[in-house]
Number of protein chains: 2
Amino acid sequence: MAVTIKDIARLANVSVTTVSRVINNKPEGVSEETRQKILKLVKELGYQPNAIARGLVTKKTKTIGLIIPDISNPFFPDIARGVEDSAHIYGYNVFLCNTDDNLEKESEYIRALKEKYVDGIIFTSSSIPKHEHIIELVESGIPVVIMDRRVDSENIYGVFLDNYEGGYIATKHLIDLGHEKIGCITGPLYTKSAKERLEGYKKALLDSGIKIDEKLIFEGDYKINGGIIGAERLLKDNKDMSAIFACNDLMAYGAYKTIRSFGYKIPDDISVVGFDDIQLSQILEPQLSTIKQPAYDMGLTAARMLIKLIEGKKLKKKIINFRPQLVIRQSTKLVKGG
Amino acid sequence: MAVTIKDIARLANVSVTTVSRVINNKPEGVSEETRQKILKLVKELGYQPNAIARGLVTKKTKTIGLIIPDISNPFFPDIARGVEDSAHIYGYNVFLCNTDDNLEKESEYIRALKEKYVDGIIFTSSSIPKHEHIIELVESGIPVVIMDRRVDSENIYGVFLDNYEGGYIATKHLIDLGHEKIGCITGPLYTKSAKERLEGYKKALLDSGIKIDEKLIFEGDYKINGGIIGAERLLKDNKDMSAIFACNDLMAYGAYKTIRSFGYKIPDDISVVGFDDIQLSQILEPQLSTIKQPAYDMGLTAARMLIKLIEGKKLKKKIINFRPQLVIRQSTKLVKGG
DNA sequence: TTGAAAGCGCTAACAA
DNA sequence: TTGTTAGCGCTTTCAA
């Protein structure tokens, strides 16, 4: 049986109220003498407040939920770390939930987190087509911050990346190097991020007076395999293609494999640009030129927003857009004879 | 104000006890008729049990804590995913805690998790030299499963990898390929895993009648940088070295960089073996031969053990040792002229 | 400065 | 089969 506030009170000859005041650092209402007496007992007995009991009366648990598709997708650990660091600073703990973008699991976790009275939820999902349960979640009154993959709804708080701009600058970089026949391996086009990156790609081409060729566009899956298959298709259909924009790094890795298996060299024969800048993109040979998403910072920011929301503080903005950044490494090069 | 058991009771004209029985699926003590009536109301009103209130009385929260050094270290996401999947199956949620192997943070998280009355904790740390707080944690009565990095104490439950064997088979693989001058970049030697891998390396050499040369051993840090520096030192000091055993994949990546910067080819000039088999080891060029740690399975198993412990079920073994497995890819090759 | 008492939402003896 | 009641450990209102 753990020691409780009652035990302390009894031993100190005071009421539980007084002990509670000391435990919670209420500045007034306790004489310095009794405060010291209580603090001493707390230390001696190793008293630890029971957060469950506290939560029952305050309705606050100092706990948030982080709902993501999959922590083993290399894009999410940095986000998770950012969220957790931020939470830890403010004294919160975080529940990790993996949904695999599965609607049912999303609902399950939302229900479980609500039952456990988390103070707020950070939510990422690509299930855009059917997101009633997200809207419902948001409207249910519990503070929610949406991350990374955009959701349409009024009064939503969110941390996003400008995917359109990312697609634009990735493509622009290739164009600046003289490439004109630029392939694009997109993400799954039911996600907003994939659509936006593709739009950015198209706009960059148009702005440079290059015609959009549907044969140069392949719908991938944000996974390595999509890159493998996508590059294969693109290389077969477009003998004169000199560069590929893979809409995430994982697919760029897949493209690397295929390009090599075709006997081409990167970047001499084919330039490649990725998207995300996950850690290992610097280790690949040749190091991948890519669009950096500040995942850690986004996590940090999302948690900070959420906690401000929880604690009723004013937020300057409901939406914070992070700007992607071009990181030039070794996988892109001037077009041959360009 | 959320709907409570009381509301349901009032509307159904029964006592809260009866409602509680239905909510908790107690098989007896409720007529089918009232059960249906209550279930109907539960649905209509969207009643959700309050896990906090429940936890206060039952002392069970259906929550576990996962304490790891750093989720953004590529070795941990798979473990975390395994833990979370297992937990989810049994109806538990998991708190994610990153300690950076910092003793103070470890203690902080342990305290916080106890205050939140988690039912159990899965703990990973490399802070072997000063692990009184871990022993204390274990003795405090809360179910604990130690993961990956071994701790010495009686009655500890744990899921470990046989690092000694891993070090042995990695080295043996190189010896079998004809290598004799084999460098070793170890992990931080205050960790047991690093020591064991090194011991395995030494034993494999001795078993083959090869003398141990301290100049071929470099103490790294399990990070990319350690691999970079370690390979540099080893290459400079040992002109005839033909292979390197890097005690984790991250350091192997670092070694790749250095080896290339020296103008050597992998595996033609220098063979490299890693340890862990994290996802991206298959993507590197050349693909890394390495020792596979079944991280996901280890996570899965650790959580399953913990939950059995929590629920008072019998455990066959207190310690489960996973066996490492050699995965031969393209970074190892017969020694030149061998 | 201090304390009495109510109550958060639920479970679980025990009684009917 | 059903209900009464106490109590989990804490915060908070109100009164002293």
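A, B, ... follow the sequence lines: proteins, then strands. Residue 1 opens every chain.
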Next item on the list: Determine whether any donor atom in the side chain of B:Ser20 lies under 3.5 Å from an acceptor atom in the base of C:dA12, or the reverse, and answer yes or no.
Entry: no

Margin query: If you take the centroid of each ring, where Trp contributes its six-membered ring, are A:Phe95 and B:Phe95 closer together than 6.0 Å?
Written below: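 Between A:Phe95 and B:Phe95, which both carry aromatic rings, the centre distance is below 6.0 Å.
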
Spacing between [X] atom [atom1] and [N] atom [atom2], to the nearest angstrom:
X: B:Lys116; N: D:dG9; atom1: NZ; atom2: P; value: 19 Å
X: B:Arg21; N: D:dT4; atom1: CZ; atom2: P; value: 12 Å
X: A:Asn50; N: C:dC8; atom1: CG; atom2: C1'; value: 13 Å
X: B:Ile5; N: D:dG3; atom1: CD1; atom2: P; value: 13 Å
X: B:Lys60; N: C:dG9; atom1: NZ; atom2: C1'; value: 20 Å
X: B:Ile23; N: C:dT11; atom1: CD1; atom2: P; value: 8 Å
X: B:Lys37; N: D:dT2; atom1: NZ; atom2: P; value: 8 Å
X: B:Ile52; N: C:dG9; atom1: CD1; atom2: C1'; value: 11 Å

Counting distance only, does the side-chain N/O of [X] pair as donor-acceptor with the main-chain N or O of [Y] below 3.5 Å?
X: A:Ser20; Y: A:Val16; answer: no
X: A:Ser72; Y: B:Arg81; answer: no
X: B:Lys116; Y: A:Lys62; answer: yes

Quick one: which of [options] gets closest to the side chain of [X]?
X: A:Ser15; options: D:dC8, C:dT11, C:dA4; value: C:dA4
X: B:Thr58; options: D:dG9, C:dT11, C:dG9; value: C:dT11
X: A:Thr18; options: C:dT2, D:dC8, D:dT2; value: C:dT2
X: B:Arg54; options: C:dG3, D:dC10, C:dC10; value: C:dC10
X: A:Lys6; options: D:dC10, D:dC8, C:dG9; value: D:dC8
X: A:Val14; options: C:dT2, C:dG3, C:dA12; value: C:dG3
X: A:Ser31; options: D:dG9, C:dA12, C:dT1; value: C:dT1
X: B:Thr17; options: C:dC8, D:dT12, C:dA12; value: C:dA12

Notebook entry, point to check: Does the side chain of A:Ile67 reach to within under 4.5 Å of the side chain of A:Thr124, using non-hydrogen atoms?
Noted result: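 Not in contact.
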
Check: Does A:Lys114 reach the side chain of A:Ile142, with side-chain heavy atoms less than 4.5 Å apart?
Finding: yes

Next item on the list: Would you kindly compare B:Val57 and B:Thr34 by the position of their nearest DNA chain D nucleotide and give the one closer to the 5′ end?
Entry: B:Thr34

Check: Which sits closer to the 5' end of DNA chain D, B:Leu56 or B:Val16, going by the nucleotide each is nearest to?
Finding: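 On the 5' side of the pair lies B:Val16.
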
Next item on the list: Quick one: label A:Lys26 by what it contacts on the DNA or RNA (base, sugar-phosphate, nothing), any heavy atom closer than 4.0 Å.
Entry: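 Sugar-phosphate: the residue A:Lys26, judged by heavy atoms under 4.0 Å, touches backbone atoms but no base.
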
Check: Which part of the nucleic acid, if any, lies within contact of A:Asp7, taking any heavy atom under 4.0 Å across all strands shown: a base, the sugar-phosphate backbone alone, or nothing?
Finding: nothing

Please tabulate, for side-chain N and O atoms in residues 300-308 of chain B, each donor-acceptor pair with protein atoms closer than 3.5 Å (sequence neighbours left out).
residue, atom, partner, partner atom, Å
B:Thr301, OG1, B:Asp297, O, 2.7

Margin query: Counting only side-chain nitrogens and oxygens, does B:Tyr47 get under 4.0 Å of the OP1 or OP2 atom of C:dC10?
Written below: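 Yes, because at least one side-chain N or O of B:Tyr47 sits under 4.0 Å from OP1 or OP2 of C:dC10.
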
Note to self: By nearest heavy atom, map A:Arg35 and B:Ala53 onto DNA chain C; which one lands nearer the 5' end?
What the structure shows: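 The 5'-side residue here is A:Arg35.
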
Note to self: I'd like to know whether CD of B:Glu32 has more than 12 heavy-atom contacts from other residues, nucleotides or ligands below 6.0 angstrom.
What the structure shows: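 Yes - once you tally the heavy atoms of other residues, nucleotides and ligands closer than 6.0 Å, there are more than 12.
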
Next item on the list: Using five pairs at either end of the helix from C:dT1-D:dA16 to C:dA16-D:dT1, determine the angle between the two local helix axes and round it to 10 degrees.
Entry: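 The end axes of the helix from C:dT1-D:dA16 to C:dA16-D:dT1 are about 40° apart, to the nearest 10°.
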
